[in-house]
S.K.: 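Before anything else, here's the structure in question.
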Amino acid sequence: MSQQNYPESQLYRIRHSAAHIMAQAVLEFYPKAKYTIGPPVENGFYYDFELPEALKEEDLAKIEKRMRQIIAGQHAFQKRVLSAEQARQIFKDQPYKLELIEGLEKGGFDEYGNPLDVKPEISIYQHDTFTDLCRGPHVENSKQINPSAIKLMSIAGAYWRGDENNKMLTRIYGTAWEKPDDLKHYLQMLEEAKKRDHRKLGKELDIFVFDDEVGPGLPLWLPNGGIMIEALEDLAKEMEEDAGYSRVRTPHLTKEDLFLRSGHLPYYAESMYPPMELEGVKYYVKPMNCPMHHKIFGARPRSYRDLPIRLAEYGTCYRYEKSGELFGLMRVRSMQMNDAHIYCSEEQFEQEFMGVIDLYKKYFDLFGIEKFVMRLSLHSKAGLGKKYVDNERLWLKTEDMVRRAMQNGNVPFVEVADEAAFYGPKIDVQIWSAIGREFTLATNQVDFAVPERFDLKFVNSKGEDEIPLCIHRAPLSTHERMIGFLIEHYAGAFPAWLCPEQVRVIPITDGQNEYALQVAAQLKAQGVRVRADLGSERMNAKIRAAQLMKVPYMLVLGANEQEAGQVSLRVRDGSQQNNIPLDEFIARIKDRIARRASEL
RNA sequence: GCCCUCAUAGCUCAGUAGGUAGAGCACACCCUUGGUAAGGGUGAGGUCAUGGGUUCAAAUCCCAUUGAGGGCUCCA
């Protein structure tokens, strides 16, 4: 992200000032509105209001129109520094502003709640009839905003100070650019992004569906999705076998006792489906596989000679995500996780942890994933005991172990507080969906707490019992999120090894139907996923159909090919190679698939 | 869960002064036998998400429920 200088840029000023102008317009329409904060954001700005009545989408047009009038007034933006007392006078009818002033007076945080080293001065910005508590910066004059380069985008709800216990405010999102062309490009880009949205492509490519009677967040994988899942599992199986993992299998249900012991119930109960009770025993559907793997580790006495023990499973889990949190395949309620738990000694930790990072890299190279950020997710003192295991010393120790391992391995990462698992710090791989929403794709976590609760131990070289560390990892995420991501990453044009249908055979006339079936049968015998299109459409229409389904290889067969035992190849990119001997094509496609090649 | 928006045929969508539904694609059948992104014809398909209400009359207006979308909160 080259946004380092964003807060100093003219664009930032334009957006910040546009936010003020929008607030002025809103206050003119709703004089009783209370206004809160309105910062620039990545592609625009927003402002949060408490309004006396619900704002409708159609109201945006009139607000936008009024904004253009205000801009045309060529108003200067003037800053004034003042005392807290003076500020309180000015905003005496604005409770949110008074709360902000109080915070500024106390120091330590700016008006958005970000920590500050020095106590901030209190300043206001004024233009036309509107005055806001604000540290700036702004444009000098509203004429520096191009009225044809702004647009109000949407209305949303947002909790005051981002806390769901607070009142929900009305947020208006807008976008603003230096030139009208920039706005146009931005809007076009949004349209393009929608085309690769996995929810749209997933439907078009017959990969998955949701059904009202099955339930929200519970995807049904269609045959094409099933093939992709198996391709990913084959990949994971190979890679994990090479990396010394053992595969295990565990049930979807367990008694309550297991989650009481693991500590998940108090921390995690909200995200779990409620228990079912039979013969006086409560059972839960599992939201994660860890406790079962711990039980497998603990099922036998372990020696330091056995370590590290790496237990892998594509485990199916169920999490009760709140209804508004569901998002296509990216956030679901049933998921199959590329899970594994590595039990190791402290001395083995760095090598094992970085072994997982290496696995990430291999996968990301294979998929050509370049836009991601590795995030060291740390605990927060404020959440100790509530969200996190209450042991500051072990938090600091394990966080430092991860930090040093990453540094020694020269792997770039960022650190973010208050994002850890309840049992330890982790490296999360952050990616962005087509429409720009951020997700954790893969994760690599340290657990310094739960092994002890499960009484897990191994006998060390001195003959003493020692508690192992546990690494939780999911490089291929869940099938749901991974496939959701891959659909968008490839815009549906998957490499051949992942494609549900790898070859479409297209006879030119029905005189070649027989030959087409023969060719398809030969490919199928070699393990290639192939379909012969014997419909009564013209060849052109069949090619179009195959292109729309993003089939990588089309074999066009006419009388010439049939006579010579050849095929004419049309590749998904539109290129053609005529008169290839069938054997040669089979050898070539088998090679591409076996190598999981990205080229076609 | 909360705020806003939305819900018409398998898909994409028309249907605003309330008068019991329409197109294209896909599908089926017939004709067409064609060289690299749509050949032609015919036909089948919807109790307009569900449940209430207003009205002589509701896809259309009102309420509730369910589901979806944009955000917030929360997370693989």
Side-chain angles (χ1 to χ4, degrees), chain A residues 46 48 51 54-60 153-173 194 197 199-200 203-204 206 209-213 215-217 268 270-271 287-288 317 319-332 335-339 377 387 419 421 426 428-429 431 435 437-443 445 472-482 484-485 506-513 535-548 554-561 568-572 574-576 578:
Chain A
Y46 68 79
D48 286 349
L51 296 174
L55 197 63
K56 299 197 208 89
E57 302 259 314
E58 64 203 46
D59 295 327
L60 292 182
M153 303 296 284
S154 61
I155 297 173
Y159 299 105
W160 168 237
R161 301 221 140 154
D163 185 337
E164 64 179 323
N165 299 312
N166 288 343
K167 193 171 174 60
M168 176 148 287
L169 306 168
T170 301
R171 173 171 297 180
I172 305 176
Y173 278 100
K194 277 188 202 154
D197 189 314
R199 292 166 297 185
K200 178 174 155 68
K203 193 186 277 179
E204 288 170 3
D206 285 330
V209 292
F210 287 98
D211 184 283
D212 286 1
E213 287 187 63
Y268 216 83
E270 257 194 17
S271 304
M288 67 272 301
C317 301
R319 297 182 181 176
Y320 194 79
E321 307 290 357
K322 289 190 269 178
S323 58
E325 294 166 350
L326 300 172
F327 180 74
L329 284 181
M330 302 301 272
R331 192 80 180 276
V332 291
M335 68 209 82
Q336 301 162 75
M337 198 178 296
N338 174 226
D339 213 353
S377 301
K387 285 162 70 179
E419 291 285 354
K426 51 181 180 158
D428 291 317
V429 179
I431 52 94
I435 62 165
R437 203 182 293 190
E438 181 176 347
F439 287 93
T440 299
L441 186 67
T443 185
Q445 317 178 341
H472 306 237
R473 43 113 279 183
L476 287 180
S477 194
T478 59
H479 281 319
E480 288 71 18
R481 190 169 286 184
M482 193 70 199
F485 172 77
I506 299 172
I508 291 178
T509 76
D510 55 14
Q512 287 82 49
N513 281 1
S536 66
E537 288 300 317
R538 311 181 66 171
M539 174 205 61
N540 299 297
K542 292 181 185 178
I543 287 175
R544 178 177 149 83
Q547 285 286 157
L548 288 175
M554 285 150 267
L555 298 183
V556 179
L557 308 181
N560 300 338
E561 285 81 2
S568 285
L569 172 64
R570 178 188 165 103
V571 185
R572 186 172 57 202
S575 66
Q576 282 181 52
N578 293 335

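Numbers restart at 1 for each chain; the letters A, B, ... are given by sequence-line order, proteins then strands.
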S.K.: Record whether the side chain of A/Glu270 comes under 3.5 Å of the base of B/G1 through a donor-acceptor pair of N or O atoms.
M.R.: no
S.K.: So does A/Tyr159 reach the base of B/G71 with its side chain, donor to acceptor, closer than 3.5 Å?
M.R.: no
S.K.: Might you point out which heavy atoms bring A/Met337 and A/Cys317 nearest each other, and give the distance in Å?
M.R.: CE-SG, 4.1 Å
S.K.: So what does A/Lys200 hit on the nucleic acid, given a heavy-atom distance under 4.0 Å: a base, only sugar-phosphate, or nothing?
M.R.: nothing
S.K.: Does A/Glu561 reach a base, just sugar-phosphate, or nothing at all? Heavy atoms under 4.0 Å.
M.R.: base
S.K.: Kindly say if A/Ser154 contacts the phosphate of B/G71, meaning a side-chain N or O under 4.0 Å from OP1 or OP2.
M.R.: no
S.K.: Please work out if A/Asn560 contacts a base, only the sugar-phosphate, or nothing of the nucleic acid, heavy-atom cut-off 4.0 Å.
M.R.: base
S.K.: Counting the atoms with a prime plus P, OP1 and OP2 as sugar-phosphate, which does A/Glu321 contact under 4.0 Å by heavy atoms, base, sugar-phosphate, or nothing?
M.R.: base
S.K.: Would you indicate what A/Arg570 reaches in the nucleic acid, counting non-hydrogen atoms under 4.0 angstrom: base, sugar-phosphate, or nothing?
M.R.: base
S.K.: When you measure from the side-chain N and O atoms of A/Gln547 to the phosphate of B/U36, is any distance below 4.0 Å, counting only OP1 and OP2?
M.R.: no
S.K.: When only distance counts, do a donor and an acceptor, one from the side chain of A/Asn540 and one from the base of B/G35, lie under 3.5 Å apart?
M.R.: no
S.K.: With a 4.0 Å cut-off on heavy atoms, is A/Lys203 in touch with a base, just the backbone sugar-phosphate, or nothing at all?
M.R.: sugar-phosphate
S.K.: NA contact type, A/Ile506, heavy-atom cut-off 4.0 Å: base, sugar-phosphate, or nothing?
M.R.: nothing
S.K.: Classify the glycosidic conformation of B/G45 as syn or anti, calling it syn when the angle lies within 90° of 0.
M.R.: syn
S.K.: Provide, to the nearest angstrom, the distance between the CZ atom belonging to A/Arg171 and the C1' atom belonging to B/C3.
M.R.: 11 Å
S.K.: Does the B/C74 base have a donor-acceptor partner in the side chain of A/Arg331 within less than 3.5 Å?
M.R.: yes
